[in-house]
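Below: one structure, written as structure tokens.
All values derive from a computational prediction rather than experimental measurement.
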Amino acid sequence: QVRLVESGGGSVQAGGSLRLSCAASGYTYSTHSIAWFRQAPGKEREGVAAIDNYDYTTYLDSLKGRFTISRDNAQNTLYLQMNSLKPEDTAMYYCAATNMRRAGGPPLVAPWYNYWGQGTQVTVSS
């Protein structure tokens, strides 16, 4: 089992930056991919970015390079650096992990992930 706890959310003005963190505990050695998802009220949950154990990454195309995903294996921590934030980035952000291996890079598909955190709120004001 894997436990995920997000932190780093908050309120920021448009154009600002935040760095989200996700601390993982448990059998983290067995995870293949870890990702960030987000969901705003009335909106579908969407994948933001994912990274696997080989440092292959996948990003939501609409982010246009504003977000960067990374991990610190020594501390079992996942990060999401969020730059040039826009009001439409306002959402609850979740980290997720999977122990299922997939060729071709980590997917931004929620059903693929079997461990989820409780989320951290990001609010971007105009």
Side-chain angles (χ1 to χ4, degrees):
Q1 59 182 336
V2 177
R3 181 171 179 262
L4 305 172
V5 180
E6 303 95 334
S7 63
S11 298
V12 64
Q13 293 183 341
S17 299
L18 286 173
R19 188 178 75 161
L20 305 183
S21 300
C22 176
S25 61
Y27 300 101
T28 58
Y29 64 90
S30 67
T31 61
H32 182 260
S33 301
I34 190 164
W36 289 98
F37 290 79
R38 68 184 183 184
Q39 187 168 21
K43 302 292 185 180
E44 300 286 331
R45 181 175 297 188
E46 63 180 355
V48 175
I51 186 169
D52 66 16
N53 290 339
Y54 305 99
D55 289 330
Y56 294 126
T57 57
T58 305
Y59 290 93
L60 182 64
D61 288 341
S62 62
L63 295 177
K64 300 179 180 180
R66 294 185 295 114
F67 291 7
T68 302
I69 190 170
S70 62
R71 71 176 193 274
D72 184 339
N73 288 337
Q75 295 186 324
N76 294 319
T77 303
L78 176 74
Y79 300 100
L80 183 68
Q81 181 65 47
M82 310 166 68
N83 297 326
S84 301
L85 284 163
K86 303 176 180 180
E88 52 263 43
D89 295 320
T90 296
M92 184 72 73
Y93 284 72
Y94 301 89
C95 62
T98 182
N99 56 11
M100 293 182 285
R101 186 174 182 176
R102 176 182 181 271
L108 291 176
V109 180
W112 196 253
Y113 293 85
N114 51 353
Y115 301 104
W116 292 83
Q118 295 299 307
T120 185
Q121 179 68 41
V122 172
T123 302
V124 184
S125 60
S126 60

Under a 4.5 Å cut-off applied to non-hydrogen side-chain atoms, are L4 and E6 in contact? no
Which of parallel (below 30°), tilted (30 to 60°) and perpendicular (above 60°) describes F37 and W116? tilted
Side chains of S17 and N83, donor plus acceptor under 3.5 Å: yes
Is there a donor-acceptor contact under 3.5 Å from the side chain of T77 to the main chain of Q75? yes
Look at the side chain of R66 and the backbone N and O of S84, then say whether any donor-acceptor pair between them is shorter than 3.5 Å. yes
Quick check: closest heavy atoms across G10 and L18, and the distance to 0.1 Å? O-CD1, 4.1 Å
Side chain to side chain, Y115 and T98, heavy atoms closer than 4.5 Å: no
L63 with I34, same ILVMFWY side-chain cluster at under 4.5 Å: yes
Nearest heavy-atom neighbours spanning G9 and L20: N-CD2, 3.6 Å
Taking C-beta and beyond as the side chain, do I51 and L78 meet within less than 4.5 Å on heavy atoms? yes
If you define the side chain from C-beta out and look only at heavy atoms, does anything of Y54 sit under 4.5 Å from H32? yes
Step by step, would you call L80 with T68 a side chain to side chain contact (heavy atoms under 4.5 Å, CB included)? CA-CA 6 Å; L80 183 68; T68 302; over 6 Å; no
Walk me through it: do V124 and E88 pass the test side chain to side chain contact (heavy atoms under 4.5 Å, CB included)? CA-CA 8 Å; V124 184; E88 52 263 43; over 6 Å; no
Inspect the surroundings of CG in D61 and state if more than 12 heavy atoms from other residues, nucleotides or ligands are less than 6.0 Å away. no
So if you build clusters from Ile, Leu, Val, Met, Phe, Trp, Tyr with side-chain heavy-atom gaps below 4.5 Å, do M92 and M82 land together? no
Can you find a pair of side-chain heavy atoms, one from R38 and one from R45, that are under 4.5 Å apart? no
Drop me the distance from K86's NZ to S125's OG, to the nearest 0.5 angstrom. 15.5 Å
Provide the closest heavy-atom pair for T31 versus A97 in the form atom of the first, atom of the second, distance. CG2-CB, 4.1 Å
Working to the nearest 0.5 angstrom, can you tell me the gap between Q13 CD and S126 OG? 9.5 Å
Spacing of C22 atom SG and N76 atom CG [to the nearest 0.5 Å]: 10.5 Å
May I ask you to decide if T123's main-chain N or O and T90's side chain share a donor-acceptor pair within less than 3.5 Å? no
If you apply the rule side chain to side chain donor-acceptor pair (under 3.5 Å), what do you find for Y79 with R19, and how did you get there? CA-CA 7 Å; Y79 300 100; R19 188 178 75 161; 4.7 Å; no
Salt bridge check, R71 against D55: does any charged N sit closer than 4.0 Å to a carboxylate O? yes
For S7, is there any backbone N or O sitting under 3.5 Å from a side-chain donor or acceptor partner on S21? no
Just do the ring-ring contact (aromatic ring centres under 6.0 Å, His included) check on F67 and W36 with the steps written out, would you? CA-CA 11 Å; F67 291 7; W36 289 98; 9.9 Å; no
L108 versus Y59: any side-chain heavy-atom pair under 4.5 Å? no
Give a yes or no on whether the backbone of P107 and the side-chain of Y113 come within a donor-acceptor separation of less than 3.5 Å. yes
Compare every heavy atom of S33 with every heavy atom of D52, then report the nearest pair and how far apart it is. CB-OG, 3.6 Å
Can you see which heavy atom on A40 is nearest to which on A91, and at what distance? N-CB, 3.9 Å
